[in-house]
Amino acid sequence: EKGEFSAVLVRHARFGVLKDSTFWLSETPQIAGSKSWDAALPRIVTWTQLYDKETKNEILFINTHFDHKGTLARTNSAVIITNFVNAYYKNKSIPIIMTGDLNVDRKQEAFNVLTVQSKLLLDSKPEGNNDPTACGFDVTNSETCTGIDYILHSKEMIVKKYAVLNDNDGKNYPSDHLAVLAEFEFTKD
């Protein structure tokens, strides 16, 4: 109710929710609706600790949406999430999956902070897959397509399948962002 919503939908037949919360991507993450740096809008992180009823494993699932204008806001948002993930993982070493519209490509600093500097999160996109994720609504306007939507994961997860779904009616996509899909398997470790 304070400007941003990044839902995590849970299939309760498969997963139990152990904990969940939201924090804002700002210098005051516990203040609802807060924004900092060069952000145009308040942005958030929604997370939940899940219990997989089939495998008996726990998973930390994170969903976020980075600011679309502020470069500094995106980089600092990545730092905040990296600190959260590293602290959470240190206290409870469980697999992590993070999804989000990061509004950055893989060459930008915010992505580097999440994947290289965190030393914990890996990109689920296979090498050589250059499918864009943000294309606008118009199917014929392909020159504006970029890859800014991600599924990241920790080393305890193996990517079995990855796809960007480009379903459309010949004129329009159902959203200005294409759905990203990844199927994971727990490692034997």
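Every heavy atom of this structure was used, including side-chain atoms; hydrogens, water molecules and symmetry mates were not.
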Within one Ile-Leu-Val-Met-Phe-Trp-Tyr cluster: [X] and [Y], side-chain cutoff 4.5 Å:
X     : Y      : answer
Val10 : Ile97  : yes
Phe61 : Phe15  : yes
Trp47 : Tyr150 : yes
Leu25 : Val79  : no

Handout entry: side chain to side chain donor-acceptor pair (under 3.5 Å) pairs, two or more places apart, involving residues 53-64
Key =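 Listed once each, the pairs are Gln49-Glu58, Asp52-Thr55, Thr55-Asn57, Glu58-Lys92, Asn63-Thr99.
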Side chain to side chain, [X] and [Y], heavy atoms closer than 4.5 Å:
X      : Y      : answer
Leu114 : Thr82  : yes
Asp101 : Ile148 : yes
Val17  : His12  : yes
Leu102 : Gln108 : no
Asn172 : Asn168 : no
Leu152 : Thr115 : yes
Ile62  : Thr46  : no
Val45  : Ile81  : yes

If you round to the nearest 0.5 Å, how far is [atom2] of [Y] from [atom1] of [X]?
X      : Y      : atom1 : atom2 : value
Asn129 : Ser124 : CG    : OG    : 9.5 Å
Ile80  : Ser26  : CD1   : OG    : 6.0 Å
Trp37  : Ser77  : CH2   : OG    : 5.5 Å
Leu50  : Lys19  : CG    : NZ    : 12.5 Å
His153 : Leu60  : NE2   : CG    : 14.5 Å
Ser6   : His65  : OG    : NE2   : 7.0 Å

Exercise for the section: Verify side chain to side chain contact (heavy atoms under 4.5 Å, CB included) between Leu121 and Met98, making sure each step is shown before the conclusion. Expected result: CA-CA 8 Å; Leu121 295 175; Met98 178 182 149; 4.0 Å; yes
Handout entry: Ring centers of Phe23, Phe84 separated by less than 6.0 Å
Key =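 Yes.
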Handout entry: Cation-pi geometry met for Arg74 and Phe66 (6.0 Å, 45°)
Key =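 Checked: cation-pi criterion not met.
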Where is the tightest heavy-atom contact between [X] and [Y], given as atom of each residue plus distance?
X      : Y      : value
Gly33  : Trp24  : N-NE1, 2.9 Å
Tyr173 : Gly136 : CD1-O, 3.3 Å
Val85  : Leu120 : CG1-CD2, 3.2 Å
Ala78  : Ala110 : CB-O, 3.3 Å
Leu181 : Ile151 : C-CD1, 3.9 Å
Ile59  : Ile94  : C-CD1, 3.8 Å

Handout entry: Under 3.5 Å: donor-acceptor pair, side chain of Thr75, backbone of Leu72
Key =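 Looks like no, no N/O pair under 3.5 Å.
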Practice task
Kindly determine whether Gln117 and Glu109 satisfy side chain to side chain contact (heavy atoms under 4.5 Å, CB included), including the steps that lead there.
Solution key: CA-CA 10 Å; Gln117 293 179 30; Glu109 182 63 18; 3.0 Å; yes
Counting only pairs under 3.5 Å, give me each side-chain donor-acceptor contact of residues 157-167, with atom names and distances, residues two or more places apart or in other chains.
none

Exercise for the section: Answer yes if the side chains of His177 and Asp149 hold a donor-acceptor pair under 3.5 Å, and no otherwise. Expected result: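 Side-chain D/A pair, His177 to Asp149: present.
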Exercise for the section: Verify salt bridge (Lys or Arg N to Asp or Glu O under 4.0 Å) between Arg106 and Asp123, making sure each step is shown before the conclusion. Expected result: CA-CA 9 Å; Arg106 288 173 170 83; Asp123 191 356; 2.5 Å; yes
